[in-house]
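Counting starts at 1 for both ligands and their atoms, following the listed order.
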Amino acid sequence: MKENFLWGGATAANQFEGGYNEDGKGLSIADVTLGSVHGQPRVIHDDVHGDCLYPSHVASDFYHRYKEDIKLMSEMGFKCYRMSLAWTRIFPDGDEDKANESGLEFYDRIFDELAKYDIEPIVTLFHYEMPLHLVKKYGAWRNKKLIEFSVRYAQTVFERYKHKVRYWITFNEINSLFMEEGSWHSSGVIFNEEDDIGQLQLQIAHYQLLTSAKIVKLGHQINRNFKIGCMVLYPLTYGATCKPVDQLLAMKKINQTYYFLDVHVRGYYSNICEAYWKKMGKGPDFTEDELYELKEETVDFISFSYYFSEIEGQGEFERIKGNISIGGKNPYLPMTKWGWQIDPLGLRISLNQLYDRYQIPLFVVENGLGAEDVLLENGKIHDNYRIEYLKKHIKALLDAIEDDKVNVIGYTVWGCIDLISDSTGEMRKRYGLVYVDKDDNGNGTLRRIRKDSFYWYKELISSNGGILE
Ligand code: BG6
């Protein structure tokens with residue numbers, strides 16, 4: 001393994017920070033979204049209602065506990081920490097001309113703290129937290145003006161942190177736009193009856209891809225050493241049987257992800273995109289100048305989340321839901337308690353597929369097991385199931401690097417310190433190597449407790465993956 005491999009952990013601001021209205025922060029869409037009850041979709045409000053419990057408001061309280069948390073990361077030997085910026089800390093409404101200085105200072109403190117421990121920040125600009133004001137006033141990504149606001153925000157943080165951050169990611173899981181339930185997360189758009197949903201999705205995708213291209217160009221102008229990546233959810237899809245038609249359907253499913261990657265990495269709408277437009281009977285509106293902009297500068301690396309795989313085919317099979325993607329159930333795979341199919345080998349296959357296709361560095365920025373942990377009276381958390389999950393996935397990653405010669409620059413465990421779930425808003429679905437004492441009703445001391453997986457991951461990093469050989 002390369003000595004500079006970026007081992008670490010990942011979080012997102014709205015699931016981890018809390019402090020939802022502190023120091024001038026505005027409301028984001030996450031701040032008005034309730035936790036789900038009995039597996040039902042999360043309910044979204046148009047404002048904060050005083051008597052409701054919104055999971056993002058306190059989350060894991062990183063806002064006040066970042067020193068302790070970063071120290072824990074350093075104790076595990078993290079080389080990097082993937083985090084996101086809350087857009088609403090910096091531009092509370094999203095459309096202001098001037099940034100909120102207190103919000104900028106908060107992230108200065110975070111980056112300075114990380115620097116103390118030589119932990120490289122990997123910063124996502126847009127991780128499911130559109131300013132609520134932009135939804136109300138402009139209809140969020142329905143409106144082309146969002147490009148201007150997003151670029152202004154990116155420019156502000158690039159200039160402010162150009163000597164503190166080198167790795168940036170534009171849109172988290174941009175391809176979730178084409179997935180059921182993905183639109184609100186990624187775009188702040190709720191479809192209504194008059195909407196031509198297919199057309200709208202294609203248009204939003206175009207606006208975001210164009211924004212990403214503009215941001216990559218701008219970032220490289222501000223600091224040539226910036227490494228700016230894209231990010232997708234990678235729903236590896238197998239044919240439900242070895243019938244050729246099932247393979248074709250599986251291929252078409254994954255092509256929806258290549259739709260985005262082709263533009264991000266190659267800089268143009270490929271045949272896959274055109275085929276998708278043909279199938280939908282429509283395409284996005286764009287100008288020749290915009291097509292030129294897509295091509296001008298492309299991303300430096302591809303980052304992705306990998307949690308499960310799916311199957312696709314002609315026959316009848318059960319459909320199950322991952323975080324956002326919905327796919328067929330594979331009879332050969334075990335599942336988590338939340339019904340996500342566990343497929344470590346699939347990670348090796350995914351890495352090979354992506355590298356073979358794009359030939360630029362890859363970064364696994366989300367992987368991990370959401371499970372219920374038990375805090376014993378003696379203060380221990382024996383999460384062997386998580387260690388097993390991570391062991392198998394990281395072994396698959398190492399095999400892709402060592403045996404298949406895939407170029408991977410890093411790996412970050414999702415929710416390295418417990419945070420609230422994105423799909424459900426629950427706290428009891430935990431990913432962390434560190435336990436946070438809090439329950440779904442918001443009770444608890446928020447105390448941090450090292451789980452068994454904490455010690456295992458520490459050993460893994462200090463051996464640079466060697467303990468798995
Ligand atoms: C990814 C998101 O989709 O999956 C994260 O980028 C999310 O924000 C993660 O938390 C795990 O999903 P969940 O629903 O279990 O939190």
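Shown in contact with Lys429 at under 4.0 Å from a heavy atom are these atoms of ligand 1, numbered in order with element: 13 (P), 14 (O), 15 (O). Residue Glu173 approaches ligand 1 through these ligand atoms, each under 4.0 Å from one of its heavy atoms: 1 (C), 2 (C), 3 (O), 6 (O). Which parts of ligand 1 touch Ser421 is read off a 4.0 Å heavy-atom cut-off, strictly below it: atoms 13 (P), 14 (O), 15 (O), 16 (O). Near Tyr307, meaning under 4.0 Å from any of its heavy atoms, are these atoms of ligand 1: 4 (O), 9 (C), 11 (C).
Between Trp168 and the options Phe301, Phe158, Phe126, a ring pair (Phe, Tyr, Trp, His ring centres under 6.0 Å) holds for only Phe158. Among the candidates Asn175, Ile302, Val299, the single residue satisfying the side-chain contact (heavy atoms from CB on, under 4.5 Å) test with Leu261 is Ile302. When Lys429, Arg430, Arg428 are each tested for a side chain to side chain donor-acceptor pair (under 3.5 Å) with Glu426, only one passes: Arg428.
Of all protein heavy atoms, the one lying nearest to atom 14 (O) of ligand 1 is Ser423 OG, 2.4 Å. Considering only non-hydrogen protein atoms, atom 16 (O) of ligand 1 sits nearest to Asp422 N, 2.6 Å. Atom 2 (C) of ligand 1 has its closest protein heavy atom at Glu366 OE1, 3.3 Å. Remark: minimum distance from atom 10 (O) of ligand 1 to any protein heavy atom is reached at Gln15 NE2, 2.9 Å. Of all protein heavy atoms, the one closest to atom 11 (C) of ligand 1 is Tyr431 OH, 3.4 Å. Nearest protein neighbour of atom 4 (O) of ligand 1, counting heavy atoms only, is Asn323 ND2, 3.0 Å.
Salt bridge present: Glu388 and Lys391 bring a charged side-chain N and a carboxylate O closer than 4.0 Å. Under a 4.0 Å N-O distance rule, the pair Arg386/Asp452 does not qualify as a salt bridge.
Only the side chain of Asn172 comes within 4.0 Å of ligand 1, judged by heavy-atom distances. Contacts between Trp340 and ligand 1, counted as non-hydrogen atom pairs separated by less than 4.0 Å, involve the side chain only. Residue contacts with ligand 1 for Ala12 are absent, since no atom lies close enough (heavy atoms, distance under 4.0 Å).
Here Tyr54 and His45 bring their ring centres to under 6.0 angstrom of each other. For an aromatic pair to be called close, the ring centres must be under 6.0 Å apart, and Phe78 with Trp7 fails this.
Atom CZ of Arg109 is surrounded by more than 12 heavy atoms from other residues, nucleotides or ligands within 6.0 Å.
Remark: distances from the non-hydrogen atoms of Trp338 to ligand 1 are all 4.0 Å or more.
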*CA sep, side-chain torsions, deciding dist, call: Asp61, Tyr66, side-chain hydrogen bond (donor to acceptor under 3.5 Å, both in side chains)*: CA-CA 8 Å; Asp61 198 32; Tyr66 66 90; over 6 Å; no
